[in-house]
*Asks:* 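Pasting a structure here, questions to come.
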Amino acid sequence: MLAAVLEDFNQLVLKDVPKPAATGDMVVLKVKSCGICLTDWKAITGHRRNVTFPSIQGHEFSGIVDEIGEGVKFFQPGEEVICSPVANCGICHECRSGFAQYCKNGAVIGGDGMDTVLDGAFAEYVLVPERALYQKPPNVTFDAAALTEPLAGCYKGMIEYSQLKITEDVVIIGSGSMGLLAAMIAERAGAASIILVDVDNWRLEFSKKCGATHLVNSAEVDAKEAVYDILPNGPDIVFEAAGPLPAAQLAFDLCRRGTRVNEFGVTTPGTINVSPAEIHWKETRVDASFSVYPRAMQQSIRLQEKGFVDAGKIITHWFPLDQIQDALATMDAPDRVKVMINP
Ligand SMILES: [Zn+2]
Ligand SMILES: [Zn+2]
């Protein structure tokens, strides 16, 4: 089968490799769609160092069951499925406490965040544990279904952790894939105002399609002044989905008393200035959201099945697997959001 094998940093090689075989509780999927996530791009370019070689990246995917191991109980060849990149054991203390994303015995497929990392879906076929699979609703496209995991991450952060309620005012910092998916969830959940803050006007304009009610370019204006001009009483939730440390700083700077902050985007080391006393007096509630657990995956599928959210709206580019180099080059393009590989 054709696969994009990462042999070293900046050495992504398209080559023929043996097609995996399904044994035990493992399933071979024919990959239909796999999104390129910044996590993949960071692994390929060396911005992320915890990568083993050779490996296959790609963790946002959907496909068709091709072959099942003898221990597979719930899926049959030909079924259309969505795969979670998190295959948790279901038995450890973390799993049983409802925190499958911290599973001690888990494996991550084509990504990052657990000790065991399986090959991902920048390939014609991928081998995955049955427990990571979900049925794809027939009315959800393979492309949109491939974005179930990032959508689940935003759902988990915005709804389950930050507990967005109808009529609340939300500021989202960062209008990349995650910020836009978070905006769609906030819109559907009944947010009154959804202010998108970014430094890129093209992406800010794009965010209008995803529910943004106000746009703030923080490179052009003072973001705090602009947000308080729109919301004199300040935001109920500030959702940081940008990544750089100044975005995290801005999230705290935007708080009024009682604002809930979600540190969703920053994963790189470093510190910002936050005063515990100020957090006390303002009763700032700080949440974060790392990875996904099964309930968030199910809810994310349901959001799409019911037509509440169309994650496919954020896809701007499509490439076949044999053009993955062009797809990666597009990651630097000014007018892209989500880039999709269709092997
Ligand atoms: Zn991702
Ligand atoms: Zn576990």
Side-chain angles (χ1 to χ4, degrees), residues 4 6 25 31 33-45 47-48 50-51 55-63 82-122 126 128-132 134 143-157 174 176-182 184-185 241-243 264-268 288-297 300-301 311-312 314-317 324 327-328 330-331 336-341:
L6 188 61
D25 67 347
V31 181
S33 303
C34 185
I36 302 183
C37 179
L38 221 51
T39 307
D40 303 316
W41 180 85
K42 283 179 183 169
I44 293 165
T45 54
H47 288 77
R48 175 156 81 75
N50 58 340
V51 184
S55 59
I56 301 173
Q57 304 297 308
H59 60 271
E60 301 174 349
F61 60 100
S62 60
I82 295 162
C83 189
S84 171
V86 182
N88 64 296
C89 77
I91 296 173
C92 71
H93 173 77
E94 283 74 12
C95 282
R96 289 184 168 173
S97 305
F99 297 104
Q101 74 275 33
Y102 310 151
C103 176
K104 291 253 172 42
N105 315 308
V108 66
I109 303 157
D112 180 20
M114 284 183 172
D115 292 343
T116 306
V117 180
L118 305 176
D119 273 338
F122 292 146
V126 61
V128 301
E130 178 183 25
R131 61 188 185 278
Y134 297 77
D143 283 349
L147 300 177
T148 298
E149 185 261 344
L151 183 66
C154 291
Y155 160 82
K156 170 173 164 279
S177 299
M178 299 312 261
L180 297 178
L181 293 173
M184 285 192 239
I185 286 171
F264 188 84
V266 176
T267 57
T268 43
S289 179
F290 153 79
S291 190
V292 295
Y293 41 58
R295 182 176 64 239
M297 285 294 292
S300 171
I301 292 167
I314 68 166
I315 305 170
T316 53
H317 295 78
I324 193 166
L328 286 168
T330 308
M331 293 295 283
R336 69 98 191 153
V337 184
K338 180 56 75 177
V339 181
M340 193 59 66
I341 300 292

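Values in this document were obtained by computation on a predicted structure and should not be read as measured data. We count ligands from 1, going down the list as the structure has it; atoms in each ligand are counted the same way.
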*Asks:* Between M297 and V86, is the side-chain contact (heavy atoms from CB on, under 4.5 Å) condition met? List the steps.
*Replies:* CA-CA 10 Å; M297 285 294 292; V86 182; over 6 Å; no

*Asks:* Please report the interatomic distance CG(N88) to OH(Y293), rounded to the nearest 0.5 Å.
*Replies:* 12.5 Å

*Asks:* Which value, rounded to 10°, describes the SG(C89)-the Zn ion (ligand 2)-SG(C92) angle?
*Replies:* 110°

*Asks:* In H59, the N, O or S atom nearest to the Zn ion (ligand 1) is which?
*Replies:* NE2

*Asks:* Taking just the N, O or S atoms of E60, which one is nearest to the Zn ion (ligand 1)?
*Replies:*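 For E60, the N, O or S atom at the smallest distance from the Zn ion (ligand 1) is OE2.
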
*Asks:* How long is the straight-line distance from OG of S33 back to CE of M340, given to the nearest 0.5 Å?
*Replies:* 6.0 Å

*Asks:* Is there an N/O/S atom in C103 that lies less than 2.8 Å from the Zn ion (ligand 2)?
*Replies:*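 A backbone or side-chain N, O or S atom of C103 is under 2.8 Å from the Zn ion (ligand 2).
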
*Asks:* With L118, which of V128, V126, I109 fulfils side-chain contact (heavy atoms from CB on, under 4.5 Å)?
*Replies:* I109

